[in-house]
Number of protein chains: 2
Amino acid sequence: MSQRDFVSAEEVAQRAGVSRSAVSRAFTPGASVSEATRQKVLQAAEELGYQVNHLARGLMRNESGIVCLIVSDVATPYRSALLRELTLQLQHAGKVAMLINTDRSDGSVNRALQQAIRYRADASVILSGLPDKSITQLCLRSGQRLVLINRDEDQSGPLHINLDDREAAARVVTAFVRAGCTRLAFANSEAGTPSLMAREEGFIAAARDHGLDVVVERHGWTGYEAGRILAQRLLTRKERPDGVFCATDLLACGFMDAARHQFSLSVPQQLCVVGFDDIEQASWSSYRLTTFSQPVTAIAREAVTWLSGSGVAQGRSLRLQPELVWRDSVRGG
Amino acid sequence: MSQRDFVSAEEVAQRAGVSRSAVSRAFTPGASVSEATRQKVLQAAEELGYQVNHLARGLMRNESGIVCLIVSDVATPYRSALLRELTLQLQHAGKVAMLINTDRSDGSVNRALQQAIRYRADASVILSGLPDKSITQLCLRSGQRLVLINRDEDQSGPLHINLDDREAAARVVTAFVRAGCTRLAFANSEAGTPSLMAREEGFIAAARDHGLDVVVERHGWTGYEAGRILAQRLLTRKERPDGVFCATDLLACGFMDAARHQFSLSVPQQLCVVGFDDIEQASWSSYRLTTFSQPVTAIAREAVTWLSGSGVAQGRSLRLQPELVWRDSVRGG
DNA sequence: AGCGCTTTTGCAAGCGTGTGCAAATGCTGC
DNA sequence: GCAGCATTTGCACACGCTTGCAAAAGCGCT
C-alpha cells in the first residue's frame, strides 16, 4: 500500500484558526460564513493545497457527482464523438464522467451498472448494449437515474433518447428514386441493435411504397471491414444494386472503397451510397458521403439536463430528428 | 434533491441475521469469516441487490480505485484508441476510469488534476497538455501517482512513457532517400507538443546527415483540415516536395486527399507520404498510408501495471519503439 | 448600557464502510 | 467434562466530510 496522505479540512482549520465546520462552509456555496473567515480559510487552503474530499462529501450529501458512461467500442468515430460531447457537457454541469467499457458479452452491461451503483453514481448513461430489467429496476429503486441512448425498448423509469430512424430511411428511398436508382440494397451489420433494425425496416417499408424491392445483406459488427465484405456480396450479384443504404458511415466507407478500388465503380455515377452518423471521415474528400448527422450535441444536452435536474426524475422518451447532409455520393443532390 | 436510497450493509446484516462487520468481511477477500456466514451474507446481499459503497470503502481504505484519465480531443482516432486500451486494462486491474476532457487552455489540465485529487484518485494519466509543476508536486506529495504519456519533460516522481520519435523520423528519411525523393518536407501542426517537435527535429537532423534540406510548414491543430491546408502551402512551392513526413496520420490523410484530388498528384509515384500513429483510417484502401504504429497496448500495459503496483512508486522513464508499417504511400516498400 | 434581532460560529451527530481488539465459539485431545 | 488452542464474531472507533442546533457575537436602537 502506498503512502497516501491528502491534506484534510482539519489541517486547514488549524492553520486558519477556525473550526473544521467553518472550512466546510467556506467550500459550500450559500453556506452561512462571514466573508472574513471565508477568506482566511481559502487562503489557508490555497497554501496547503487543500481539495475537498468528494468521496466523503458524496457520502454525506448522498450525491457523488459521478455520472457513469457505459459504452462499447469507444474507439469508433461516432461513439467517441458522442463521448466527447457528453463528457464536456457533464463537466459543464459540475458532474464528472466515469467511463466503463463494455464488450459484446451479455453480462457486461450489467456488471458496468453494478460498478455504477458501487460508486453511487448519480446517473448512468448507456450507449451500448441493454441491461437486464432486474438491474435497471435496482438502479431506479436506488434513486439512480438512467439514460438510454438509441436503445429503444421503452421502460418507464429512464430517459430514452432515440432518433427517427424510420423516417430517415424513408428519405433515403426518396433520394434514391429521385436519382433514378432502381435496384436498392441495404447493408447492415449483424449486431441487431434496435436503431440499426429500424433503419433496415424503415428502408424496406418505404421502398415497398415505391414499388421497389430491397436486397438486404448483413455481416459482422458495424465497421469498415464489414462494409468491404458487404460490398463483395452485394456487388457481385447478377442484378447489381445501384442504390445502397449503409446502416453506418463506417460500413459506407468500406463499401465505397471496395466499390471503387475493387469493382472500379464510380460513385455516384454508377452507384449511389448513403450512410448514417456523419462521422468526420464522411466529409473527407475521398468519400464526400451523403449521410445523416446524429445530433450529438442535442443528445448530450438533453441527457445532461435531465440527469442533473433536481427532484424526482420522470421517465421520458425523446425522439430527435437526424439531419440529412447532402454531399456527393448520391446523384442530383 | 432526488430520493436516493441505496441498500446498506446494515440492512443486509439484519436480513442475514449477522453483525454488520460480518457483511463487511464477507466482501473483503481474505478477511476472517466462516464459509457459512459468508454464504448467508452473500445470499441476503443478492436478494436485496446490495453493492458495497465504494465511496465509503475508499474513504476507509484510503484507496478509491479511481484512475483519472486526462485528455483533450477524445474524439480523435489515436486518442480514442489509446483511451480504449487504457480503460480496458484498468478495468482488468480492478480499477475504474474517470475521464476528464481538457481543452487547449492553460489552466485546463491543472483543473483536471485538482478534480482527480478531489475524488482521491489513486493515480492520474495525462495524455494531453502539461500541468504546472506546483500541481504535480501536490499530487505526488499526496501520494497520487502520475503517468505522463508522450509528454517528455522529465520530472522525477511520475512515470514517463515516450516513443523514440527521433529514431522514427530518421527511418523516414532513409525510406525517402531509398525511394529516390530529393525534396523533403515536414508537415506539422502548431501545437508544439514535445513528441511532435521531436519528430520534426529528428527529421531535419537525419536529412542533414544525408545532405538534404527540409521544408517545414506548420498549421493549426493536428487534424485532417490542417493537413489539407499544409498541402496547399507545400505543393504550390516552386520546388514541389516529393517526400513529405506528416507529424500525424490525420494530417497525412488531409495531405494525401488534397494532393490527389486538388493537385492531381499520384501517391506514391509523384509524391511519397509517411504519417504517424497508424490510426484505423491509415489502413483504409483510399489511403494505404505508410506510417508508424504507436504501441498503444504496450503503453497502456506499462501505465496500468505501474500505477496499480503496491508500495511507494518510483519515478521512471520509459521509451518505447514505434513500429514502421509499410503500406503503399512510399515507393519501393 | 441594555434590549431585540440577525448573522456567524462551534459542537456533535451522522453518512457507510474497514478493522483492531477482546469476547465468544468451535474443536481437539486428554 | 475440561483445559488449550484456533477460528469466528461483535463492539466500537476511525475515515473526512456536512449540517441541525444552540450558543456566541455583532449590530442598531432607545
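All figures in this text were calculated on a predicted structure; none of them were measured in a lab. So you know, we letter chains A, B, ... as the sequences are listed, proteins then strands, and number each from 1. Computed over heavy atoms, backbone and side chain alike; hydrogens, waters and symmetry mates excluded.
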Judged by each residue's nearest nucleotide on DNA chain D, which is more toward the 5′ side, Thr28(A) or Ser32(B)?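 Nearest-nucleotide comparison on DNA chain D picks Ser32(B).
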
Rounding to an integer number of Å, can you tell me how far [X] [atom1] sits from [N] [atom2]?
X	N	atom1	atom2	answer
Glu11(B)	dG16(C)	CD	C1'	11 Å
Glu63(A)	dC17(D)	CD	C1'	15 Å
Arg25(B)	dC21(C)	CZ	C1'	10 Å
Arg61(B)	dA14(D)	CZ	P	20 Å
Ile117(B)	dG16(D)	CD1	C1'	16 Å
Leu55(B)	dG18(C)	CG	P	12 Å
Asn53(A)	dA14(D)	CG	P	18 Å
Met60(B)	dG20(C)	CE	C1'	10 Å

With nearest nucleotides of DNA chain C determined for Arg57(B) and Arg38(A) from heavy-atom distances, which residue corresponds to the more 5′ nucleotide?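 Checking each residue's closest nucleotide, the 5'-ward one belongs to Arg38(A).
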
Considering every strand and a 4.0 Å limit on heavy-atom distances, what is the contact class for [X]: base, sugar-phosphate, or nothing?
X	value
Ser8(B)	sugar-phosphate
Val33(B)	sugar-phosphate
Ser24(B)	base

So, is [X] close to the [N] phosphate, meaning a side-chain N or O under 4.0 Å from OP1 or OP2?
X	N	value
Ser21(A)	dT19(D)	no
Tyr50(A)	dC17(D)	yes
Ser19(A)	dG10(C)	yes

Under a plain distance cut-off of 3.5 Å, with no hydrogens placed, do Gln115(A) and Arg118(A) share a side-chain donor-acceptor pair?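 Side-chain D/A pair, Arg118(A) to Gln115(A): present.
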
Under the ring pair (Phe, Tyr, Trp, His ring centres under 6.0 Å) criterion, do Tyr50(B) and Phe27(B) qualify, and how do the steps go? CA-CA 11 Å; Tyr50(B) 168 74; Phe27(B) 283 95; 5.3 Å; yes

Ile149(A) backbone acceptor or donor facing Arg151(A) side chain under 3.5 Å: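 Indeed, once roles are kept as given, a pair shorter than 3.5 Å links the two residues.
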
Please state whether the base of dT18(D) and the side chain of Arg20(A) form at least one donor-acceptor pair under 3.5 Å?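 Indeed, a donor on one side and an acceptor on the other fall under 3.5 Å apart.
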
Quick check: any donor-acceptor pair below 3.5 Å linking the side-chain of Arg120(B) to the base of dG16(D)?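 No such pair is found, so the answer is no.
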
For Asp122(A), is there an ion pair with Lys95(A) - N to carboxylate O distance below 4.0 angstrom?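 Salt bridge present between Lys95(A) and Asp122(A).
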
NZ/NE/NH1/NH2 to OD/OE distance under 4.0 Å, Arg84(A) and Asp73(B):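 No.
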
